[in-house]
Student: 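Before we start, here is the structure in question, set down as structure tokens.
Not measured: the values here are computed from a predicted model. Protein chains get the first letters and strands the later ones, always in sequence-line order, with residue 1 at the start of each.
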Amino acid sequence: MITEVFFDVETKKLFSEIDKFDPADLGVSIVSLYRRILDENYIEKEGKLMSFWEADFQKLWPIFQEANRIIGFNSINFDVPALEPYTNFPIKKLPHFDIMAKVKDVFGRRISLDSISKETLGREKSDIGVNAVLYWQTGGKENLKKLQRYCDDDVIITKELYDFVLKNGYLHFKDKWNTQRRVDLDFSYPKEKSQKQIGLF
DNA sequence: TTCATCTTATTTTGAGTGGG
DNA sequence: CCCACTCAAAATAAGATGAA
């Protein structure tokens, strides 16, 4: 039985509003996640999309801690450090899986979620990140609803992207010369370590 | 050896880019 | 906007060569 969590964090501030570059100083307004259970053949048996405002953040920790894989986009250098001040355990030590980092490893550059989503899934992000901050700072029921919808949407895109790569072994995006590029990736879990080769002779 | 010039390295700027 | 990182272009340096 395998548990996976896809998540996305929206912040309360922009980098321009804090002193030094540290996502931990941005504050987190909302966290959306999709948690799913896979069977031993990695088939999804059940999954659920959830959102958490700050008051409910403590409900996040067990979900994260039980996950076999925590998937995000630029999560290792953004979402995780942003969330870190709210935790009382080493969240960085959990099994994070950062799709942007994987693409960067192969292609050598950081590629936006929007670009990958457009070319791979044929689907654009529903909004842009800075608006998430604007919605939070403006406040009001409507804006908070938009904020949540945006965050949820990013989680879904992340999940669909991950599943696409799992199934097809590649993804597309447009580079800065606007030509379509393809990157081959393997998102499967590492095979059980073989002990056979150890200790011969 | 030294100067002038051409070729090849090295490095250092500069510009672009992702996340919210 | 901020930081870290990458690539390209420009600026420097380092050889290499030929001739006086």
Side-chain angles (χ1 to χ4, degrees), chain A residues 5-34 51-54 56-57 60 64 70-87 91-92 94 96-121 123-140 142-162 164-165 171-183 185:
Chain A
V5 170
F6 298 86
F7 81 116
D8 186 40
V9 159
E10 306 304 327
T11 61
K12 295 178 178 176
K13 294 180 179 174
L14 299 177
F15 282 113
S16 52
E17 298 168 305
I18 58 177
D19 297 331
K20 59 181 187 341
F21 171 76
D22 188 354
D25 294 342
L26 293 170
V28 175
S29 57
I30 187 170
V31 177
S32 287
L33 64 83
Y34 181 86
S51 302
F52 302 82
W53 300 99
E54 188 168 349
D56 295 316
F57 281 176
L60 289 169
F64 279 128
I70 301 169
I71 300 122
F73 197 89
N74 196 26
S75 54
I76 291 176
N77 289 306
F78 189 82
D79 303 62
V80 173
L83 218 39
E84 208 265 328
Y86 295 90
T87 65
I91 188 171
K92 293 182 181 181
L94 300 180
H96 293 288
F97 188 96
D98 186 337
I99 295 181
M100 187 203 257
K102 299 287 176 194
V103 174
K104 183 177 172 290
D105 281 348
V106 176
F107 186 65
R109 302 184 58 72
R110 310 167 73 199
I111 306 300
S112 71
L113 178 59
D114 194 39
S115 171
I116 297 176
S117 171
K118 262 187 212 156
E119 303 305 317
T120 307
L121 306 173
R123 181 181 195 292
E124 295 190 30
K125 276 178 62 137
S126 59
D127 208 333
I128 56 172
V130 286
N131 278 343
V133 176
L134 185 66
Y135 296 148
W136 170 260
Q137 294 181 352
T138 307
E142 264 322 295
N143 282 318
L144 293 182
K145 200 186 283 179
K146 280 186 196 167
L147 173 57
Q148 179 176 353
R149 195 178 309 133
Y150 170 65
C151 193
D152 285 355
D153 197 50
D154 263 12
V155 170
I156 296 302
I157 290 176
T158 304
K159 167 182 168 290
E160 289 183 359
L161 195 55
Y162 176 90
F164 183 94
V165 174
L171 53 75
H172 286 305
F173 60 88
K174 276 192 175 159
D175 65 16
K176 67 170 167 176
W177 298 279
N178 220 34
T179 43
Q180 196 179 65
R181 309 285 309 225
R182 167 183 162 155
V183 162
L185 294 164

Student: Which heavy-atom pair separates A/I76 from A/D98 by the least distance, and what is that distance?
Tutor: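 Taking every non-hydrogen atom into account, N-OD2, 3.0 Å.
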Student: Using the test side chain to side chain contact (heavy atoms under 4.5 Å, CB included), find all partners of A/K146 that sit at least two apart in sequence or belong to another chain.
Tutor: A/Y135, A/N143, A/R149
Student: Going by the rule salt bridge (charged side-chain N to carboxylate O under 4.0 Å, His left out), which residues pair with A/K92 if we only count those two or more places apart in sequence or in a different chain?
Tutor: none
Student: Which whole-number value in Å describes the distance from A/L113 CG to B/dG20 C1'?
Tutor: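 Whole-Å distance recorded here is 13 Å.
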Student: I need the CG-P distance between A/D175 and B/dT17, as an integer number of Å.
Tutor: 11 Å
Student: Regarding A/D8, tell me which of base, sugar-phosphate or nothing describes its non-hydrogen contacts under 4.0 Å with the strands shown.
Tutor: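 If one applies the 4.0 Å heavy-atom cut-off, A/D8 turns out to touch the sugar-phosphate alone, with no base involved.
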Student: Could you go through residues 9-16 of chain A and list every donor-acceptor pair under 3.5 Å that involves a side-chain atom there, pairing it with any protein atom two or more places apart or in another chain?
Tutor:
residue, atom, partner, partner atom, Å
A/T11, OG1, A/K13, O, 2.9
A/K12, NZ, A/E54, OE1, 2.6

Student: Tell me every residue that passes side chain to side chain contact (heavy atoms under 4.5 Å, CB included) with A/Q148, counting only those two or more places apart in sequence or in another chain.
Tutor: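 Partners of A/Q148 under the side chain to side chain contact (heavy atoms under 4.5 Å, CB included) test: A/I30, A/S51, A/W53, A/D152.
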Student: In whole Å, I'd like the distance from the CG atom of A/D98 to the P atom of B/dG19.
Tutor: 11 Å
Student: Measure from CZ on A/F73 to C1' on B/dG20 and round the result to the nearest Å.
Tutor: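 To the nearest whole Å, that distance equals 14 Å.
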Student: How bent is the helix from B/dT1-C/dA20 to B/dG20-C/dC1, comparing axes over its five end pairs at each side, to the nearest 10°?
Tutor: 10°
Student: With sequence neighbours left out, write down each residue that passes ring pair (Phe, Tyr, Trp, His ring centres under 6.0 Å) with A/F164, or none if nothing qualifies.
Tutor: A/Y170
Student: Quickly work out the A/F7 CZ to B/dG20 P distance and round it to whole Å.
Tutor: 11 Å
Student: Take nucleotides 1-8 of chain C nucleotide by nucleotide from the 5' end and write B, S or -, depending on whether a protein heavy atom sits under 4.0 Å from the base, only from the sugar-phosphate, or from neither.
Tutor: BBS-SBS-
Student: Regarding A/L134, tell me which of base, sugar-phosphate or nothing describes its non-hydrogen contacts under 4.0 Å with the strands shown.
Tutor: nothing
Student: Excluding sequence neighbours, so at least two apart, what forms side chain to side chain contact (heavy atoms under 4.5 Å, CB included) with A/R123?
Tutor: A/S117, A/L121, A/D153, A/I156, A/I157, A/E160
Student: Sequence neighbours excluded, which residues qualify as side chain to side chain contact (heavy atoms under 4.5 Å, CB included) partners of A/V183?
Tutor: A/V106, A/F107, A/L171, A/F173, A/L185
